[in-house]
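For reference, positions follow the sequence shown, starting with 1. Every number for a ligand or one of its atoms is a count from 1 in the order of the listing.
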Amino acid sequence: MVMVMNGERMTRLVLGTRNPHKLAELRELLRDLPIPLLDLSQFPLAPQVEETGSTFHENATIKAITLARALGEWVLAEDSGLVVPALGGEPGVHSAVYAGRHGDDAANNALLLERIAQVPDEKREAFYVCVAVLADPLGTVRAQTEGHCHGRIAKQARGQHGFGYDPLFEIPEYHRTFGELSPLAKRVLSHRARAVEKLLPHLRRFLDTTAP
Ligand code: ITT
């Protein structure tokens, strides 16, 4: 028999993001989990969470805890972004708002190209980071994982797949950007895929194994 403390069992999971592209990728990565995956569109009163942290860890934790407490649900939240060492780590935790307006991918990409124009070719390396946090319905963090994906910034945007910085993010081994590579390739190689892969054993640990 599996011993579980009251309130610990997970019978459903809320994906705590308002980014539709992230949501679609998370749903795909978690598709084998045998419980319903809900999202914030099903919780109209879910609060807007302010990302006041200065690290991916802090922001992912703030999102997961705030939403879990407000909804009384298990929540998986993640904070992610692009880090370009030659630009001092920009855009980093500010990836979504780099050019000023939240989620304006075209403006963010234009600013990145402008900022990196003076950087020598061999220093155009970059990596994506994703920190995923699982919080229980009381708002206690139960697991956190991190995934990275290494690449370089292309000279111009290429491809229509993905979102955000993907048309500029080139995977050196393939000489293709995430905009050009198939969604299947991103599902295997991405920072989000790697963070979720590490989170899966933790998620399975909290599943309600006695549910009918
Ligand atoms: P939530 O906080 O509601 O999850 P958000 O879009 O505000 O949504 P973040 O604060 O974590 O999420 O910012 C993520 C930004 O990082 C995103 O807007 C992109 O600019 C960039 N980013 C993260 N993952 C990416 C990916 O897989 N492909 C391209 N860009 C990505």
Side-chain angles (χ1 to χ4, degrees), residues 14-29 38-41 43 46-68 70-71 75-84 87 89-113 115 126-135 144 146-154 157-171 176-197:
V14 178
L15 303 178
T17 178
R18 294 191 188 278
N19 182 321
H21 305 285
K22 272 191 192 183
L23 181 62
E25 290 188 10
L26 288 171
R27 280 195 176 283
E28 194 56 43
L29 293 167
L38 309 184
D39 63 65
L40 296 179
S41 68
F43 296 90
Q48 289 281 348
V49 184
E50 273 204 56
E51 299 182 27
T52 51
S54 54
T55 64
F56 293 111
H57 273 99
E58 281 173 12
N59 283 332
T61 304
I62 291 169
K63 288 188 244 191
I65 289 180
T66 309
L67 289 167
L71 306 179
V75 171
L76 190 174
E78 63 98 290
D79 200 58
S80 49
L82 178 72
V83 177
V84 184
L87 297 180
E90 286 182 17
V93 291
H94 306 296
S95 289
V97 292
Y98 194 35
R101 212 159 57 94
H102 190 277
D104 187 342
D105 291 344
N108 288 342
N109 283 334
L111 179 59
L112 177 59
L113 281 180
R115 302 269 295 140
F127 58 95
Y128 275 133
V129 179
C130 174
V131 174
V133 171
L134 174 70
Q144 50 186 303
E146 180 165 344
H148 286 199
C149 177
H150 290 270
R152 42 186 288 114
I153 304 303
R158 301 198 314 259
Q160 304 297 324
H161 292 300
F163 69 100
Y165 299 93
D166 283 346
L168 286 179
F169 190 81
E170 188 178 277
I171 304 294
R176 296 272 185 282
T177 67
F178 267 154
E180 295 173 302
L181 288 167
S182 75
L184 178 63
K186 188 175 181 192
R187 207 186 301 156
V188 175
L189 298 172
S190 83
H191 50 314
R192 188 163 295 105
R194 289 176 168 144
V196 168
E197 178 81 27

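- Contacts with ligand 1 closer than 4.0 Å are made by side-chain heavy atoms of Arg192 only, the backbone lying farther away.
- Residue, atom and distance of the protein heavy atom nearest to atom 3 (O) of ligand 1 are Arg18 N, 2.8 Å.
- Looking at atom 6 (O) of ligand 1, its nearest protein heavy atom turns out to be Asn19 ND2, 2.9 Å.
- For ligand 1, none of its N or O atoms has an N or O atom of Asn108 under 3.5 Å away.
- For ligand 1, the atoms closer than 4.0 angstrom to any heavy atom of Gly164 are 29 (C), 30 (N).
- Under the 3.5 Å distance criterion, the side-chain polar atoms of Tyr165 are matched with a main-chain donor or acceptor of Ser95.
- Looking only at protein heavy atoms, the nearest one to atom 11 (O) of ligand 1 is Lys22 NZ, 2.8 Å.
- Nearest protein heavy-atom contact of atom 2 (O) of ligand 1 is Lys63 NZ, 2.7 Å.
- Atoms CG and CG, from Leu29 and Leu15 in turn, are 10.5 Å apart once rounded to the nearest 0.5 Å.
- Protein heavy atom closest to atom 10 (O) of ligand 1, with residue, atom name and distance, is Glu51 OE1, 2.9 Å.
- In this model, no donor atom of one side chain and acceptor atom of the other lie less than 3.5 Å apart for Tyr98 and Asp105.
- Selection from Phe169, Phe163, Phe178 by nearest heavy atom to atom 31 (C) of ligand 1 gives Phe163.
- Atom numbering of ligand 1 starts at 1 in the shown order; those under 4.0 Å from a heavy atom of Lys186 are 26 (C), 27 (O), 28 (N).
- Near Asp79, the atoms of ligand 1 lying under 4.0 angstrom from a non-hydrogen atom of the residue are 9 (P), 10 (O), 11 (O).
- Polar contact with ligand 1: absent for Asp105 (N/O pair, distance under 3.5 Å).
- Ranking protein heavy atoms by distance to atom 14 (C) of ligand 1, first place goes to Ser80 O, 3.3 Å.
- Taking every non-hydrogen atom of Asp166 and a distance limit under 4.0 Å, the qualifying atoms of ligand 1 come out as 26 (C), 28 (N), 29 (C).
- Checking side-chain atoms of Lys22 against main-chain N and O of Glu78 turns up a donor-acceptor pair under 3.5 Å.
- No donor-acceptor pair closer than 3.5 Å links the side chain of Asp166 to the backbone N or O of Phe178.
- The closest donor-acceptor contact from the side chain of Asn108 to the backbone of Ala99 lies under 3.5 Å.
- Residue contact check: Ser95 has heavy atoms under 4.0 Å from atoms 15 (C), 16 (O), 20 (O), 21 (C) of ligand 1.
- In this structure, Gly81 has a heavy atom closer than 4.0 Å to ligand 1.
- Ligand 1 places these atoms under 4.0 Å from at least one heavy atom of His102: 7 (O).
- The aromatic rings of Phe127 and His150 sit tilted, their planes meeting at an angle between 30° and 60°.
- If you number the atoms of ligand 1 from 1 as listed, the ones under 4.0 Å from a heavy atom of Thr17 come out as 1 (P), 3 (O), 4 (O), 8 (O).
- Side chain to side chain, Thr52 and Glu50 fail the donor-acceptor criterion of an N or O pair below 3.5 Å.
- Of the protein's non-hydrogen atoms, the one nearest atom 20 (O) of ligand 1 is Tyr165 CE1, 3.2 Å.
- Using a 3.5 Å distance cut-off with no hydrogens or angles, the side chains of Asp39 and Ser41 do pair a donor with an acceptor.
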When you look at Glu146 and His57, which way does the side-chain contact (heavy atoms from CB on, under 4.5 Å) test go after all the steps?
CA-CA 9 Å; Glu146 180 165 344; His57 273 99; 2.9 Å; yes
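- The protein heavy-atom contact nearest to atom 18 (O) of ligand 1 is Ala96 CB, 3.4 Å.
- Salt bridge present: Arg158 and Glu170 bring a charged side-chain N and a carboxylate O closer than 4.0 Å.
- Salt-bridge formation is not detected for the pair Arg187/Glu25: no Lys NZ or Arg NE/NH1/NH2 atom is positioned less than 4.0 Å from an Asp or Glu carboxylate oxygen.
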